[in-house]
Visitor: 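Once you've had a glance at the structure underneath, I'll fire off some questions.
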Amino acid sequence: MLLFGIVIDDEVTRNKIEEIYRVYRNLLFYTAYCILKDYHEAEDVVHTAIIKLCSHIDKIDDIECNKTKAFLVIIVRNIAINVYNKKRRLTDIHMEKLVDLNDNYINPEEYMLKIENAEWVARKLAQINSEYADILVLRYTYQFSIEEIAYLLNTTEGNVRVKLHRARKALHDIMKGEYYEQTAE
Amino acid sequence: MNRQQNRKNEKQNKLLSAFYDYIGEYHIDNICADMESRKDAIDSTEVPQSLDAWFEQYVRGIRRKEFRRRFAGKVKIFSSRAAVVLVVLLFSFVTLSLSVDAIRTQIFNLLSTDFQKYSSVRIEDGQTSNVKIEWEYYYFPTYVPEGFYIETVKGTGSVKTIWFVNGSNEHIVFAQAPNGVDFNLDIEDGTKKEVVIKDRKAVFVEKDKKNFLIWNNEEYSFSLISTMDEEILQFIAESLEKK
């Protein structure tokens with residue numbers, strides 16, 4: 001009876017991971033390969049993403065919903081970008097003085113007036129830098145902590161903080177109409 | 001003033017967080033739309049077999065690890081419950097032993113009785129002696145105290161007697177005769193006591209530093225004479241076997 005209970009519990013978790021892999025294996029590999037253009041590196045990135053994912057499997061309820069799909073793409077994409085940057089000896093984002101954006105930088109109430117343009121704003125932010133949009137989503141939509149994001153994206157907490165700061169700053173610039181025609185890295 | 005400013009910042013932060021969340025939802029939709037537009041390319045992507053093999057192996061690893069972890073957890077819970085039951089049982093046992101006089105006495109007797117001397121004295125016929133018993137029909141004790149061996153056997157009429165001796169020259173004299181034959185034992189003025197041997201009444205007599213045990217079964221009467229304790233004589237008497 002004891003052993004039976006253990007097997008049942010274990011199977012629920014295992015089936016979830018297997019189901020995610022079965023549904024999204026092509027998407028995961030494709031996303032990594034599009035960035036790295038290397039089969040082995042893309043494979044390694046998918047390995048890493050699955051390992052990271054397993055530790056947060058409880059946060060995934062519906063496997064085939066858009067939220068899960070986007071979450072997987074964001075994880076794989078960002079791990080792949082990190083690998084890409086390291087390969088080209090690009091250093092992590094240098095630390096900069098984090099300006100308090102809330103401190104009279106822009107009135108948040110003004111955001112609400114432009115809320116009907118949210119889709120366009122999201123697209124614009126992703127155009128400026130997809131990593132910014134991704135990190136903003138992980139923090140505010142998926143409600144992950146800085147520590148959890150750093151673990152999922154295989155990076156440091158400092159790096160996450162800087163990117164988050166830049167994402168917010170870019171978003172403020174867009175909202176102020178100061179967006180710049182910069183392609184994503 | 002400062003507190004008011006903090007509250008204002010707090011409210012603005014909530015508003016901003018909600019706004020970021022809202023933008024995030026659109027970003028998710030945009031990602032999904034983007035991936036949907038690349039559906040054909042994604043579906044036609046050849047995933048390396050080595051990736052599938054790695055995944056299968058990884059899942060097996062997770063299963064083993066999870067199984068071990070959960071098993072250890074359940075064993076821990078089970079053992080803690082078992083420990084509680086044991087403690088309760090032990091507590092009940094101690095309470096019972098301390099509160100009920102009869103049980104306390106039995107436990108005391110159990111703990112104070114030395115079984116070692118009984119269990120260590122088993123001897124086989126002729127194990128420690130060259131004396132051979134050639135009677136056809138007789139009773140013989142399967143237990144005698146350690147170190148004792150047959151010194152002499154003697155048959156006088158219907159009475160058969162076996163003398164056991166040890167290195168300290170202590171003797172145990174065991175006599176047997178069919179019921180109705182008289183034993184001549186000098187037990188006058190001795191301290192008599194009634195005991196039970198194999199569910200039959202027997203007499204234990206203490207006289208001049210010697211102990212006598214007299215009893216019988218359906219066909220024979222027996223006597224044991226020795227300086228050994230009453231308990232040892234009783235134990236020898238209980239161990240009789242017909243040869």
Side-chain angles (χ1 to χ4, degrees), chain A residues 2-3 5-7 9-11 13-14 17-18 21 25-31 33-34 39-40 42-43 46-47 50-51 54 66-67 69-71 73-74 77 101-103 107-109 111-112 115 118-123 125-126 130 133-134 136-143 167-168 171, chain B residues 5 8-36 38-75 77-78:
Chain A
L2 180 74
L3 292 178
I6 291 166
V7 171
D9 284 354
D10 183 45
E11 266 186 15
T13 308
R14 188 165 48 84
I17 297 163
E18 283 179 326
Y21 183 75
R25 59 197 274 279
N26 283 48
L27 176 69
L28 297 177
F29 189 77
Y30 172 83
T31 307
Y33 183 76
C34 277
Y39 272 93
H40 296 295
E43 205 176 320
V46 176
H47 291 178
I50 287 171
I51 292 168
C54 276
N66 276 358
K67 212 167 173 180
K69 190 178 186 178
F71 175 60
V73 171
I74 287 169
R77 180 161 69 190
L101 296 173
N102 300 326
D103 195 16
N107 189 355
E109 281 85 357
Y111 284 7
M112 296 302 127
I115 204 155
E119 186 186 353
W120 176 83
V121 172
R123 199 172 290 281
L125 184 64
S130 66
D134 290 348
L136 208 69
V137 168
L138 289 174
R139 182 74 185 99
Y140 293 102
T141 309
Y142 292 102
Q143 302 276 310
R168 284 191 295 244
L171 194 61
Chain B
Q5 185 62 38
K8 192 184 173 190
N9 286 344
E10 207 175 294
K11 280 189 278 186
Q12 285 189 348
N13 279 338
K14 277 184 188 171
L15 203 60
L16 279 172
S17 294
F19 182 73
Y20 295 146
D21 176 24
Y22 193 68
I23 296 290
E25 290 289 352
Y26 277 103
H27 182 55
I28 287 170
D29 290 346
N30 290 342
I31 288 174
C32 290
D34 185 30
M35 290 300 151
E36 199 57 36
R38 301 187 203 184
K39 193 173 184 305
D40 291 341
I42 291 168
D43 289 344
S44 61
T45 301
E46 279 187 31
V47 176
Q49 285 188 342
S50 55
L51 183 61
D52 291 340
W54 172 85
F55 182 74
E56 275 179 32
Q57 200 179 353
Y58 179 67
V59 166
R60 274 201 298 273
I62 289 175
R63 183 165 49 187
R64 277 197 298 272
K65 200 173 165 185
E66 190 70 9
F67 182 87
R68 278 198 295 269
R69 191 180 64 78
R70 286 178 187 273
F71 185 77
K74 294 207 176 189
V75 165
I77 292 167
F78 178 77

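Atom set for the values below is all heavy atoms of this structure, side chains included, hydrogens, waters and symmetry mates excluded. Residue numbering restarts at 1 for every chain, and letters A, B, ... go by the order of the sequence lines.
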Visitor: Nearest 0.5 Å please: distance from the CD1 atom of I28(B) over to the CD1 atom of I74(A).
Guide: 6.0 Å
Visitor: Looking only at non-hydrogen atoms, find the nearest pair between T141(A) and Y20(B) and report the distance.
Guide: OG1-O, 4.2 Å
Visitor: Are E18(A) and V59(B) close enough that some pair of their side-chain heavy atoms sits under 4.5 Å apart?
Guide: yes
Visitor: For the residue pair Y30(A) and R38(B), what are the closest heavy atoms and their distance?
Guide: OH-CD, 3.1 Å
Visitor: Compare every heavy atom of H27(B) with every heavy atom of S130(A), then report the nearest pair and how far apart it is.
Guide: O-NE2, 4.4 Å
Visitor: Can you tell me which portion of L136(A) sits under 4.5 Å from chain B's heavy atoms? Options are side chain, backbone, both or neither.
Guide: side chain
Visitor: Please look at I51(A) and chain B and tell me whether the side chain, the backbone, both or neither of the residue comes under 4.5 angstrom of a heavy atom of that chain.
Guide: both
Visitor: Taking K69(A) first and then E36(B), would you say they form a salt bridge - that is, a charged N and a carboxylate O separated by under 4.0 Å?
Guide: yes
Visitor: Between D52(B) and chain A, with a heavy-atom cut-off of 4.5 Å, which part of the residue counts as in contact: side chain, backbone, both or neither?
Guide: both
Visitor: Check the pair V121(A), Y26(B) against side chain to side chain contact (heavy atoms under 4.5 Å, CB included), reporting the backbone distance first and the verdict last.
Guide: CA-CA 9 Å; V121(A) 172; Y26(B) 277 103; over 6 Å; no
Visitor: Could you look at Y142(A) and say if it's the side chain, the backbone, both or neither that has a heavy atom under 4.5 Å from chain B?
Guide: side chain
Visitor: Nearest 0.5 Å please: distance from the CD1 atom of I50(A) over to the OH atom of Y58(B).
Guide: 8.0 Å
Visitor: Test R123(A) against every option in D29(B), N30(B), I23(B) by the side-chain contact (heavy atoms from CB on, under 4.5 Å) rule and name the one that passes.
Guide: N30(B)
Visitor: Based on non-hydrogen pairs under 4.5 Å, which of F29(A), Y21(A), F71(A) is most in contact with chain B?
Guide: Y21(A)
Visitor: At a 4.5 Å cut-off on heavy atoms, which part of R77(A) comes close to chain B: side chain, backbone, both, or neither?
Guide: side chain
Visitor: Report the distance from atom OH of Y22(B) to atom CD of E119(A), rounding to the nearest 0.5 Å.
Guide: 9.5 Å
Visitor: E46(B) and N26(A): side chain to side chain contact (heavy atoms under 4.5 Å, CB included), yes or no, with the steps?
Guide: CA-CA 7 Å; E46(B) 279 187 31; N26(A) 283 48; over 6 Å; no
Visitor: Can you find a pair of side-chain heavy atoms, one from T45(B) and one from Y33(A), that are under 4.5 Å apart?
Guide: no
Visitor: What part of I31(B) lies closer than 4.5 angstrom to a heavy atom of chain A: side chain, backbone, both or neither?
Guide: side chain
Visitor: Quick one: does N66(A)'s side chain have a donor or acceptor within less than 3.5 Å of a partner on C32(B)'s backbone?
Guide: no
Visitor: Do E43(A) and S50(B) get their side chains close enough for a donor-acceptor pair, meaning under 3.5 Å?
Guide: yes
Visitor: Is there a side-chain contact between V73(A) and M35(B) in this structure, where contact means two heavy atoms from C-beta onward sitting under 4.5 Å apart?
Guide: yes
Visitor: Hey, which of C54(A), A133(A), C34(A) has the most heavy atom pairs under 4.5 Å with chain B?
Guide: A133(A)
Visitor: CD1/I42(B) to CG/L27(A) distance, rounded to the nearest 0.5 angstrom?
Guide: 5.0 Å
